[in-house]
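These notes are about the structure you will find just below.
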Amino acid sequence: MAITAASGTSSSRATFDRFKWPVGYVVVILFLFFLYHSILPSLVRSVSAPVIAWLPVATINECLMWAILALGLNVVVGYAGLLDLGYVAYWALGGYTAGWLMAFPFNWEWDFHLFSPVKVTLPGTHINFWLVCIAAGVLCALLGIIIGAPTLRLRGDYLALVTLGFGEVITQFFRNSNNIAGANVANGDPGISSIDPAGTGPLGAAGIAPKLLTNSAVGNVWKILVLGLLVGICIFVSLRIREGRLGRSWLAIREDELAASMMGVPLVRTKLLAYAVGAFFGGIGGVANASLITTAVSPSGFDFGKSVLVLLMVVLGGMGNVWGVTVGAFLLSWLNSNGLKQIGVQIDSWFGTDLQATLPRYNYIILGLLLVLMMLFRREGLIPESRTRALLKTPSRTEAESLGAESLEAEAETEAIENADPEEDAKIAASAAAMAGSGAPGLDAPRREEQ
Amino acid sequence: MATAALVAGGTQRKAKVRLGPLVERILGYVVLALVVVWVVANVVADPDRFLGSALVGLQNGMLYALVALGYTMVYGIIELINFAHGDLFMLATIVAASLLVSVLGVGNLTATSILPLLLALVVCMAFGALVNMGSEFFAYRKLRSAPKLAPLMTAVGLSFVFRGIAQQDYINGSAQKNWPVVWGGPAIEGVFVYKLLMVLAVTLPLLIGMTYIVSRTKMGKAMRAVAQDQDGARLMGINVNGTISFTFGLGGALAGAAGVLYFLCQTQTYYDTGTQLGLIAFTAAVLGGIGNLTGAVVGGLAIGFIQALNEGGAYGLGSNWSQSVVFLILIVLMVFKPEGIFGRPTTEKV
Amino acid sequence: MSESLFDSTQLGSTPDSSDSPDAERQGHGPGIHPVGADGRDPVEANVLYADHITIRFGGLVAVNDVSFAIPPKSVVSLIGPNGAGKTTFFNVLTGLYEATEGAVYLDGKDVTAIKPHKRAAMGMARTFQNIRLFGLMTAEENVMVAMTPHLRAGVFSTIIRTPGQRREERQARETARELLEYVGIGKSEGELARSLSYGDQRRLEIARAMALRPKVLLLDEPTAGMNPQESANFNEFVYRVRDERGMSVLLIEHDMSVIMKISERITVLDRGTMIAEGTPDDIRNNQTVIEAYLGKTGTREGKRNPPTNAGEA
């Protein structure tokens, strides 16, 4: 919910604005659940089949899981403006935490059950899904702080590269994890399989839901609710923090780090908190993925491409806007896991081509082009936060300042000459005037001191 | 080329890890000393393997230098880390492979292979130059005055596109493709002599040519001017767009050449080599001082050597850990000495 | 860097009062370091005290042994031709630059090694020459950012909105609105900072700085771009801030009419060295100051003049 100027709106209109998105979200989740729980099974095949083809349950669950990740990255990139290209590291660590705390033992065996829905006789450590989520979140938050600490003074592109490197290193660590100084820490390339499904606690006991959310048809439907709840929690926490002191500090840092620090914002602490909170969500996403989607975790699933995919979701959705990011996540993960294939099938049925096999293989190309096109033509995303729109259209403060106000004007002039884009011109001229306007118009001012 | 304005941090205040400069110096020397000790230990433990590693390091290092030059040139002139550069290099390896094997039928490498090799060089360098210049023209140019986030993400997007294109050839999902190219001739500690000679024979003239262009020609002067002050250069009548295009072209050509060499050295192509090698080459560029051409070469050789020693030396961690080792170097650089060996530290104005 | 220090002209040696030959010292004992003139320890007596600050960038001396005091509840100005090092000095006071030599004391405490955000929390607030607002946040939010040091709520209490946190936020919002009213832009609280007029933006910057509850307010060229009416309003405002809020104000300014009218004391820098210090009357007639601004070719009193090459950045 963007804190835009709400002048002139009546109180009821304001309430509607304030609640339309959260209510809409809950409605959508419940609708999806009941769609698969009751509606589709009772419909005739010819009606339900296309729905299932275009939006299978598995895909819905995947979309929700990706939304968790996107919301986490949104905190780091969207709120605090820190370009993290190695987000996959937290996802991986989260998944492996599940592998360590709630799976069939792969190496050592420590028999310990804690509120786990699986059979008590099962060997190994089995901790409750929700508790593991928290544990993974905390572990990832720590990793986030470790990764964030050396990057604190790096500017944009360097930050991106260093975080990217961290992502690669973590992945390589897990790939080599069967032999870390002789110990098998995480089973290396094959990864850890047989990760526990989540339990449904009281609902399962009452017989409404299956006791364990395995990959069965009915289990998958109930997973919608679990994942939907997790996403909802992430959205809720994001919004709450954003409206408070920390959120303001993040936005200030995103805009002008230097001015923020001069106004009392502790840069180190604020940035590390951004990494920590973002990583926390990533950990949750990792557990959700490992337990509910893939029931296993392996290094091959974690690569730079996944980091970029999450970034693309945040960019597409409009950086800083939780609702936009959620929508962006749904859209892109759907496209990636099912959409391209379905579109291929559709086009095949119209034109007799064989795209259904090949189109999904073009996913990297399509996603890459999408990113490029978005940067060129619609940087603010589909549903941008009002701030992001302006932030991405004008040069950042520190860069402009390091050139001096005059240079900014020169820049604006040259840009105006080179690209005859009137709309862009107007925006840039306006901001240049606003920022460089401090050059004392009206007084025959001497050249300003550029210190 | 002048060292580009490398902003090492947010505030002027020395927020460097809160240690006095003296302690930093000491730490730096300690790290250096440890590295030297490690190298010496390797020499002592198994001199033959060390020799082999050194040669491999030289071989790879030259390649890294070529790619690092591309990064450093582009960064120097428009302060953009061209994320897609590594993947451009990867595409070049595939073009080289297809050309040499599928089209020209090169199999066993003999003296007669020199002609197809030269042809491949020309083609791939042209390919690299064109693709890079195209990227600049269609994507980066429009974003030159946009906040750094935009061209950066565009570069990431392009790297994806390149990767996706390369991926089409790997239908069964494996990232690696073997090509029936065989080396012959003498070898020192497993390193083919002719391979090494080829690498040197190609890279040295290229590097010399590069130095000549940048320091002696008009265009080189224009490059340096634009790197220092774009607006000033424009006011002096320099065609800034053309100069930037040219720079991209040079960088791309170097990546193309590196692609040919890499393919011939490895006789394999991987579609995901772009990211990894890109990171290595970028670390090399930073190590030498980003924006500094000599630095890129020195950095490339250094990283190549360290990696080879890590993989082949007696006390190395093995190829499993090469990525991490190189990356650790990058982290340490970023935290303690972002300007690299030859760079000058600059800071932000208030 | 646009310092005119690359001139062949001498970068002043330490302006030791005892051997400076022709500086016209207007009635303050040991001249150029007036602090401690009344015998009290300048660190304790002043809300801000800079002790023998020297700033060197490599071989370049940007500020040369400048000492500077701001008494409590006072208005002090720092002037000088372009390139004199005023903003550099400013940046040392606020912690952005590290002085090569010297110390800074805030309210009796040594803050020389303390980071900018902590100094801000301790009571030193500033505005910027080129307005650095958070353009994409509303005016109210801009002011509330500066309250960060004084707010207590942690992450968890923010998430679950404890009564304490809610109260704190409400009070913060009220304080922000009150400050916006105080500077005269109360009606704009919900507007994005970047859409405010230039004058309103300047006011917002001051309101934001005041939200830090500072003991000393450092204003960097606050009247640039103001017409005479606005300047007059500004003068009134500075008095109010000093008297009603008990803050000291330090101004860097070029507008002589404002300086002369409201400053209790003026310090003049030229090429990194303090060349004069005193009341407006002292400075107005000080030959060294006039020469610094105009070169040695005559004077025009009181008005703002473009400096000749000697002072140009």
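Values in this document were obtained by computation on a predicted structure and should not be read as measured data. The chains referred to below are lettered A, B, ... by the order of the sequence lines, with proteins before strands, and numbering in each begins at 1.
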Whether [X] side chain and [Y] backbone form a donor-acceptor pair below 3.5 Å:
X        : Y        : result
C/Arg132 : A/Ala259 : no
A/Arg245 : C/Ala153 : yes
A/Glu255 : C/Leu136 : yes

Q.
Give me the atom names and distance for the closest heavy-atom approach of C/Glu141 to A/Arg248.
A.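 For C/Glu141 versus A/Arg248, the nearest heavy atoms are O-CD, 4.2 Å.
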Q.
Can you tell me which portion of A/Ile241 sits under 4.5 Å from chain C's heavy atoms? Options are side chain, backbone, both or neither.
A.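 Answer is both: backbone and side chain atoms of A/Ile241 are under 4.5 Å from chain C.
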Q | Under-4.0 Å salt bridge between A/Glu243 and C/Arg161 | A |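 Judged by the 4.0 Å cut-off on N to carboxylate O distance, A/Glu243 and C/Arg161 do form a salt bridge.
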Q | Atom pair CG/CG of A/Leu258 and C/Leu96 - distance to nearest 0.5 Å | A |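 The CG atom of A/Leu258 sits 5.0 Å away from the CG atom of C/Leu96.
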**Q.** C/Lys118 NZ to A/Ser261 OG distance, which is reported to the nearest 0.5 Å
**A.**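 These two atoms lie 12.0 Å from each other.
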Report which part of [X] has an atom under 4.5 Å of a heavy atom belonging to chain A: side chain, backbone, both, or neither.
X        : value
C/Ala125 : neither
C/Ile160 : backbone
C/Arg166 : neither

Q | Contacts with chain A made by residues 210-217 of chain C (heavy-atom distance under 4.5 Å), listed by residue number | A |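 C/Leu212, listed by number.
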Q: Please determine, among C/Val145, C/Asn142, C/Leu151, C/Thr158, the option with the most heavy-atom pairs under 4.5 Å with chain A.
A: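 Highest number of pairs under 4.5 Å: C/Leu151.
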Q.
Quick check for you: among C/Gly154, C/Pro149, C/Ala209, which has the greatest number of heavy-atom pairs under 4.5 Å with chain A?
A.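 Counting heavy-atom pairs under 4.5 Å, the top option is C/Pro149.
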(Q) For C/His117 and A/Met262: C-alpha separation, side-chain torsions, deciding distance, then whether side chain to side chain contact (heavy atoms under 4.5 Å, CB included) applies. (A) CA-CA 5 Å; C/His117 78 260; A/Met262 307 297 281; over 6 Å; no
(Q) For a side chain to side chain contact (heavy atoms under 4.5 Å, CB included) check, start with the C-alpha distance between C/Phe134 and A/Ile253, then their side-chain angles and the critical distance, and finish with the verdict. (A) CA-CA 9 Å; C/Phe134 307 121; A/Ile253 287 183; over 6 Å; no
